[in-house]
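See structure below.
Numbers restart at 1 for each chain; the letters A, B, ... are given by sequence-line order, proteins then strands.
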Number of protein chains: 2
Amino acid sequence: MDGPLDTRVTVRSAAATHTADCVVFGYAEGELRVLLVRRAVEPFLGHWVLPGGAMAETERLEETARRVLLELVGVRNLYLQQVATYSAPDRHPVRRVVTTSYYALVRPEQHQPTALGYLSEVRWFPLSEVPPLGFDHSTLLADAHARLILHLRTRPLAFDLLPERFTLTEAQGVYEEILGEGLDRRNFRRKLQTYDFLIETEEKRRGVRGGPVLYRVHVDRLRAQLQKNT
Amino acid sequence: MDGPLDTRVTVRSAAATHTADCVVFGYAEGELRVLLVRRAVEPFLGHWVLPGGAMAETERLEETARRVLLELVGVRNLYLQQVATYSAPDRHPVRRVVTTSYYALVRPEQHQPTALGYLSEVRWFPLSEVPPLGFDHSTLLADAHARLILHLRTRPLAFDLLPERFTLTEAQGVYEEILGEGLDRRNFRRKLQTYDFLIETEEKRRGVRGGPVLYRVHVDRLRAQLQKNT
DNA sequence: AAGTTTCTGTGTCAAATATACACGGAATTG
DNA sequence: CAATTCCGTGTATATTTGACACAGAAACTT
């Protein structure tokens, strides 16, 4: 346990630890995946849970989330969105812990996650293979996924999950995986044509029939677009 | 994640008070209003702020918010939605306070707010006349309003702000006030016709030219509708 | 290397949805 | 009782969304 709690807190109000938990989405091998960690300590020893950490004295929660992600996958500056705050008094079996959840989008192929501290394992799980999680993290995951779906309908988020070069079919795959529904190829491409941040390269993807053209994003324009739809 | 506090975090974890702040929207005299309270204690003595309270030992934050609203406007069971959590270390000048904001919809004419505890005053402010608020509450208010606009576009929330009997023009007024834009009367009514929870009464509004018909809502059907669009 | 398979890339038409718009009737006002 | 103001209604147009088929490119098979 940590040191004594702030004594200035009034008798009646609760002094809770506050943590930030991250729902880290990645796209690999045609599947939407989520990064889970396995606990090496009680409570929920051996259980898979969302990566997270306690808010430090001088941090805001978003910084906590970014610190956790930096330690875990070694990446800065990724797309991070607050989802919700969970405060049921008994959601942690030992003491009072309030958690704010974030979802993050990363490119799995660029970062090797490492299990640090009280974790025994880190793994990418296809969304369909996620086991029941410790604490109330199954709920957090479901809520974050729902939020991601909602956001994807109005914001071009898929490109934060794709590698630097990608085909339009691959982009469509990301959309379909997140939304959980099939899309019409031609209608999908019509939508993408309205995005000014998509740049057609001279290259083609080799090893795939049809020889699809590779695209990349104009990073600044994509950022601007995401800014607009906040 | 809810792990041990001191294993790999080099910084001390923070023991923060956690509060729930409420952005209480009401509609009166053709205007969208928000309920603000005036502080009778430091810090921000004399400043207008959002009503809020500290989370108690056995409460979850939503219960804190409902308790605050019960004390303030004496009403239970109103529409309440979590908006976001604010955790900047210096957002409270004296000690660390993390706040989760909620927006609530109430019928101002049915409830007389009372200033309790450390408050000197309570007042409904038209949204356009809200002064700069204490703490970061101007931000909280703006965020909550933005969220309300977003929600109103997909959910029939306006009827939680209207009195028991209302005309369709009054309903349109609520939409226009929240969205901040004018709507076409005929198109608006066409949309309302798709709602099965609207019930036309035999009464007409007196004192208004044209003698508009009064409507009421089928409460269960409205609840069901709101449930669906969550 | 020739034929086969599979994936890419493209345009049009129909349906649904959203937007613009005007006038007669009812109740109040003076 | 005349004038004013607000209520209540339908249609036509534009925009958006959704369905759908075939030719070309690269890989695969033999």
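For the residue pair A/Y86/A/D143, the side-chain donor-acceptor check at 3.5 Å is satisfied. No hydrogens or angles considered: a donor-acceptor pair under 3.5 Å links the side chains of A/T169 and A/R189. Side-chain contact of A/H18 with A/T99: a donor-acceptor pair under 3.5 Å is absent, judged by distance alone.
Heavy atoms of B/T167 sit nowhere under 4.0 angstrom from any nucleic acid atom. Residue B/R205 is out of contact with every strand shown, counting any heavy-atom pair closer than 4.0 Å.
Looking at B/R185, its side chain comes within 3.5 Å of the base of D/dG8 through a donor and an acceptor atom. At a cut-off of 3.5 angstrom, counting only N and O atoms as typed in the model, there is a donor on one side and an acceptor on the other between the side-chain of B/R190 and the base of C/dT19. Applying the 3.5 Å distance criterion, the base of D/dA21 shares a donor-acceptor pair with the side chain of A/R186. Judged by atom type and distance alone, A/R209 does not reach the base of D/dC28 through any side-chain donor-acceptor pair under 3.5 Å.
Distance CD (A/Q193) to C1' (C/dG11): 11 Å, rounded to an integer number of Å. The separation between A/D184 atom CG and C/dA15 atom P is 17 Å, rounded to whole Å. When rounded to the nearest whole Å, the span between CZ of A/F188 and C1' of D/dT17 equals 16 Å. Put simply, CG on B/N187 is 12 Å from C1' on D/dA12, counting in whole angstrom units. Between A/R206 atom CZ and D/dC28 atom P the separation is 12 Å, expressed in whole Å. One atom, CZ of B/R153, and another, P of C/dA18, lie 12 Å apart when rounded to the nearest Å. Residue A/Q172 contributes atom CD, which lies 12 Å from atom C1' of C/dG9 at whole-angstrom precision. One interatomic measurement links the two molecules: CG of B/L192 to P of D/dC7, which rounds to 14 Å at whole-angstrom precision.
A salt bridge is defined here as a Lys NZ or Arg NE, NH1 or NH2 lying under 4.0 Å from an Asp or Glu carboxylate O, and B/E170 with B/R205 meets this definition.
Heavy-atom minimum distance, B/P156 versus B/Y175: CA-OH, 3.6 Å.
In this structure, A/K204 does not reach the D/dA25 phosphate: none of its side-chain N or O atoms is under 4.0 Å from OP1 or OP2. Note on B/R189: a side-chain N or O is less than 4.0 Å away from OP1 or OP2 of D/dG8.
Both A/P212 and B/L168 lie close to DNA chain D; mapped to their nearest nucleotides by heavy-atom distance, the more 5′-ward contact belongs to B/L168.
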